[in-house]
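Before anything else, here's the structure in question.
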Amino acid sequence: MKPKVLITRMLPQPALDIALTQCNVDLNRRDVRYAKKQLIRRLKGKAGMICLLTDTIDAEVLRKSPHLKVVSNVAAGLDNIDVQAATRHGIMVTNTPGVLTETTAEFAWALLLATARRVVEADRFVRAGKWKEWMLTGFLGRDLYGKTLGICGLGRIGSAVARRARGFNMRIRYTQRYRNEAKERELNATYMDKMTLLKESDFLVLVLPLTPETRHYIGPKELKAMKETAILINVARGPIVEEKALLHALKKKTIAAAGLDVFEREPKVLRGLLRLQNVVLAPHIASASMETRARMACMAAENCVAAVSGHRPPNLVNPEVLTLR
Ligand code: GLV
């Protein structure tokens with residue numbers, strides 16, 4: 001008998017095919033997120049689940065799913081899953097690292113350029129029929145060339161952001177918990193403590209994982225330390241930034257602009273942000289290229305199939321679970 005697997009949302013067909021050939025699949029074709037009760041009900045008797053970052057897989061869901069062997073997330077981030085609880089229950093957790101690195105870095109750059117050069121604001125202006133004459137001093141933005149790029153988190157994505165900065169002749173500065181001297185040499189990057197980085201950066205890109213330590217990593221104190229001309233980009237997770245404090249800083253122009261792909265209470269966006277011109281908003285699409293989303297989904301399907309077939313999944317994040325069994 002094929003192992004039973006729940007797929008909580010629609011996936012690209014190649015990923016569905018991987019799961020369908022090896023598993024008995026219960027697929028949420030409505031493609032609307034399950035409420036917690038529904039999710040627990042659907043998980044009854046399932047050996048595996050493939051889920052998205054919109055699914056909250058907390059201790060209760062895991063406790064009430066005694067047959068579950070694996071939670072396979074179609075994401076690199078794992079903040080929607082209580083990994084410790086999964087480990088306690090002997091459940092494997094997998095993610096999709098690596099495949100989205102370049103795509104996410106490209107989107108960080110899309111936001112950098114869009115905010116610095118006011119692309120979205122200019123587009124709105126033209127569409128509204130407001131463009132009457134060429135303007136020498138209209139829509140003045142900021143150059144990236146030769147400026148200081150601060151990166152919070154020089155991991156895979158942070159490094160890919162830094163590599164792209166070479167073409168813009170930028171000074172690369174970074175902060176994270178531990179210095180990485182090999183990376184510093186490779187990327188010509190300089191380590192700084194967080195507050196110094198905030199003070200020195202013209203552009204600040206957040207690429208940290210969301211953990212209890214990084215929740216509200218950028219709040220009023222940090223925003224105050226930034227330059228009035230600085231631009232903040234968040235392609236990590238919304239709760240890393242205290243959104244109300246950011247709204248205040250953008251309104252008061254204590255920083256110049258922000259490019260946000262993620263929000264504290266997705267898909268809700270603070271209403272005040274919607275009214276500002278100096279912010280570019282995107283619906284969590286940094287990894288959303290056709291190639292990358294398909295690869296992420298296939299990878300998640302492969303992780304799930306491996307685990308429910310008794311193999312070690314390639315992207316297991318809690319290997320302790322194998323020895324605890
Ligand atoms: C997307 O945000 C991811 O974590 O993969």
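Counting convention: from 1, in listed order, for ligands and their atoms alike. Computed from a predicted model, the values in this text were never measured in an experiment.
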### Task
Check each atom of ligand 1 against the heavy atoms of R237 and keep those under 4.0 Å away; list them by number with element.
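Here the atoms of ligand 1 in question are 1 (C), 2 (O), 3 (C), 4 (O).
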
### Query
So, is T96 polar-close to ligand 1, with some N/O to N/O distance under 3.5 Å?
no

### Query
Under 4.0 Å from any heavy atom of A75, which atoms of ligand 1 are there?
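Heavy-atom distances to A75 below 4.0 Å select 3 (C), 4 (O), 5 (O).
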
### Query
Within the distance-only criterion (no hydrogens, no angle test), does the side chain of N28 pair as donor or acceptor with the backbone N or O of T8 below 3.5 angstrom?
yes

### Message
Suppose we measure from atom 5 (O) of ligand 1 to each protein heavy atom; which comes out shortest, and what is that distance?
### Response
A76 N, 2.7 Å

### Task
Run the numbers for me: atoms of ligand 1, each under 4.0 Å from some heavy atom of G77, listed by number.
3 (C), 4 (O)

### Message
Suppose I only count heavy atoms of M296 and a 4.0 Å limit; which atoms of ligand 1 are within that range?
### Response
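Heavy-atom distances to M296 below 4.0 Å select 5 (O).
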
### Task
Report the distance from atom CZ of F139 to atom CG of D123, rounding to the nearest 0.5 Å.
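Between atom CZ of F139 and atom CG of D123 there are 9.5 Å.
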
### Task
Return yes if some donor-acceptor pair links the side-chain N/O of S65 with the main-chain N/O of V61 below 3.5 Å, else return no.
yes

### Task
Just let me know how L53 lines up against ligand 1, side chain, backbone, both or neither, with a heavy-atom cut-off below 4.0 Å.
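Answer for L53: side chain.
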
### Task
For ligand 1, indicate whether the residue V74 contacts it via side chain, backbone, both or neither (heavy-atom separation under 4.0 Å).
neither

### Query
In Å and rounded to the nearest 0.5 Å, what is the CD to OG1 distance from E302 to T96?
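So the gap between those two atoms works out to 11.5 Å.
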
#### Entry: Check: D261 side chain, A108 main-chain N or O, donor-acceptor pair, under 3.5 Å
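A pair under 3.5 Å: no.
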
### Given D55, D58, T56, the one that forms side chain to side chain donor-acceptor pair (under 3.5 Å) with K36
D58

### Message
Taking the six-membered ring of Y217 as reference, does the cationic atom of K194 (NZ for Lys, CZ for Arg) lie under 6.0 Å from its centre and within 45° of its axis?
### Response
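Because its charged atom sits under 6.0 Å from the ring centre and within 45° of the axis, K194 does stack over Y217.
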
### Query
What atoms in ligand 1 come closer than 4.0 Å to a heavy atom of H284?
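It comes down to these atoms of ligand 1: 1 (C), 2 (O).
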
